[in-house]
Every structure is written in structure tokens, then in C-alpha cells.
Amino acid sequence: MADKSSDPVVVIGLGRFGSSLALELVRRGTEVLAIDNRPKIVQSLSGHITQIAVADSTDIEALRQLGVPDFYRAVVAIGSDIEASILTTSLLVELEIDDIWAKAVSRQHAQILSRIGATHVVQPEHDMGERVAHMVSGRMLDFLQVDPDFALVKTLAPRDFVGVPLGESGLRRKYGVTIVAVKAKGEEFTYASAETVLNYGDIIVVSGPTEKVERFAELP
Ligand code: ADP
């Protein structure tokens, strides 16, 4: 199949992260096989998820019986039990699942998961902590690190850039960033162009190298 985006997904571990993920996948129309070894959590989610089972994901036979090897994509959402997270991930590699996403609770945990063959490793607590730090310490309304050195920031239009078309503001030359979208009070976001003129109170989305957008977002 060319487009894998709507393929069914196995979600292993239904703690706060795994259950939110599984429910959101279902909401978006993706079929989900959810697995957890705690009967109580499975019971509370049954009826909301396509297929849900109580099983120990460190048992390869249990995974085979549930048909896990037929899936293209799996998410290991076990965090606090690092041993179970590593074992489960290695079994998914052994079962030749093509696309394995794994949640890590520390940098070391993330490194191990990558080394044993997880295709994508996410660190939700760490990433969210960084994101909130940007909002708490500055004027940013939102911050998204899209690559190690590239970020998107939602912030208020700095006063020096109000009233001049963006194309004439010298924004890229002076700050090395691009304003990609603008939202005037009470309106929707629209794309920004060279002709866009910002007003006081406009909310903007700025993209560029992380340090540069951070510096730009500090402007009054
Ligand atoms: P969160 O921080 O997102 O709540 P946790 O690490 O606390 O994540 O939750 C992980 C979930 O994974 C728990 O519901 C737990 O029962 C489940 N789990 C842990 N080990 C296994 C295992 N070997 N097999 C299946 N599920 C497991």
C-alpha cells in the first residue's frame, strides 16, 4: 500500500500517553489494536477502541496470537517500566514491524530504544518541558521545535514591525526569520505576504533557526 497513514496501528501500554494516543487515532478514523497488561485499564477503554486486549507485551507468543506481526506500524507507550519498554521494542523489531515508535522517559532510554531499532523515539515530558519553558520565560504564546535547529513560534507582533509592509520591513535581513501567518483580533489566521501590514495586537507565527526566532520573540 502506498499510503500508510490510514493503516491500523498497534498501541502497547495504555497509561496517560498511550491511551490519549490510541483514542486520538480512533477519533481520526484509524483502526487500533491496543494492548496493556492491566485488565482494569483495558476494561475502562473497551468500547472506545477498535480492538483491545489484556496481554504481556514482553511475551512474543502473546504478540503473535494477537496478530501483531501483520501490522506495519506500532507504538510502544510504556515509560516507567524501562525494561518492559526495551523488551517490547526488541520483540517488535524481531517481528519485523516496519515502523516502530517508542516513548522514552530519559535521554539514555531514548538512545537504547534507537540502538535496538525503534524507528522514531519521542520524549513527551522532555519536549513539553522545553516548550513550556519558552512560553513561561518570554512573550511566546507557543513554541514548536520542528527540527534540532528550526522552530515555529507564535507571538505578538513586535511594535517595530507594525504599520510597514513586511516586504519593506527588513525582517529577514535584520533577524533572519520569516513571518508565515498573521491573526488580527477576532479574525482567523491567514498567510503572510510581502504586502501584509501588521497592527498592534496581531498574533503572528514566525519560522526560522531556533536562536533567531527566540531573539525575535523577545522584541517588545
Ligand atoms: P504514562 O506515563 O503515559 O502514564 P506509564 O509508563 O505509566 O505511562 O504506563 C505504561 C502502561 O504500560 C501502563 O498502563 C502499564 O500497565 C503498561 N505496561 C507496562 N508493562 C507492560 C507489559 N509488559 N505489557 C503490556 N503493558 C504493559
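Both counts, for ligands and for their atoms, begin at 1 and track the order of listing.
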(request) Keeping the roles fixed (side chain from Ser20, backbone from Arg16), state whether a donor-acceptor pair exists under 3.5 Å. (result) yes
(message) Taking Val180's backbone N and O only, do any of them form a donor-acceptor pair with Thr178's side chain (distance below 3.5 Å, no angle check)?
(response)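 Such a contact is absent between Thr178 side chain and Val180 backbone.
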(request) Measure Leu14 to ligand 1 on non-hydrogen atoms and call it side chain, backbone, both or neither using the 4.0 Å cut-off. (result) backbone
Can you tell me the protein heavy atom closest to [atom] and the distance?
atom                    : result
atom 9 (O) of ligand 1  : Gly15 CA, 3.7 Å
atom 19 (C) of ligand 1 : Ile78 CG2, 3.7 Å
atom 2 (O) of ligand 1  : Arg16 NH2, 2.8 Å
atom 23 (N) of ligand 1 : Asp56 OD1, 2.8 Å
atom 17 (C) of ligand 1 : Asp36 OD2, 3.2 Å

Cluster link [X] to [Y], ILVMFWY, side chain under 4.5 Å:
X      : Y      : result
Val32  : Ile35  : no
Ile78  : Ile60  : yes
Leu87  : Leu92  : no
Tyr175 : Ile179 : yes
Val9   : Ile41  : yes

Using a 4.0 Å cutoff against the non-hydrogen atoms of [X], which atoms of ligand 1 qualify?
X      : value
Phe17  : 3 (O)
Ala84  : 20 (N), 23 (N)
Ser57  : 22 (C), 23 (N), 24 (N), 25 (C)
Thr58  : 23 (N)
Ala55  : 24 (N), 25 (C)
Ser80  : 5 (P), 6 (O), 7 (O)
Lys103 : 1 (P), 2 (O), 3 (O), 8 (O)

Would you check whether [X] has a nitrogen or oxygen atom less than 3.5 angstrom from a nitrogen or oxygen atom of ligand 1?
X      : answer
Gly13  : no
Gly79  : yes
Glu125 : no

(request) Would you mind listing every side-chain hydrogen bond (donor to acceptor under 3.5 Å, both in side chains) that reaches into residues 145-165, with sequence neighbours excluded? (result)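 side-chain hydrogen bond (donor to acceptor under 3.5 Å, both in side chains) check on residues 145-165 returns Gln145-Thr210.
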(request) Work out which heavy atom in Ser57 is nearest to a heavy atom in Leu91; give both atom names and the distance. (result) O-CD1, 3.5 Å
(message) Which heavy atom of Leu198 sits nearest to which heavy atom of Ala157, and what is that distance?
(response) CD1-CB, 3.8 Å
(message) Tell me the nearest of Asp81, Asn37, Val105 to atom 25 (C) of ligand 1, using heavy-atom distances.
(response)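 Ranked by closest heavy atom to atom 25 (C) of ligand 1, first place is Asn37.
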(message) Looking at ligand 1, is there an atom of it that comes within less than 4.0 Å of some heavy atom belonging to Pro124?
(response)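 Contact absent.
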(request) Using a strict 4.0 Å threshold on nitrogen-to-oxygen distance, state whether Glu218 and Arg215 make a salt bridge. (result)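 Answer for the salt bridge query: no.
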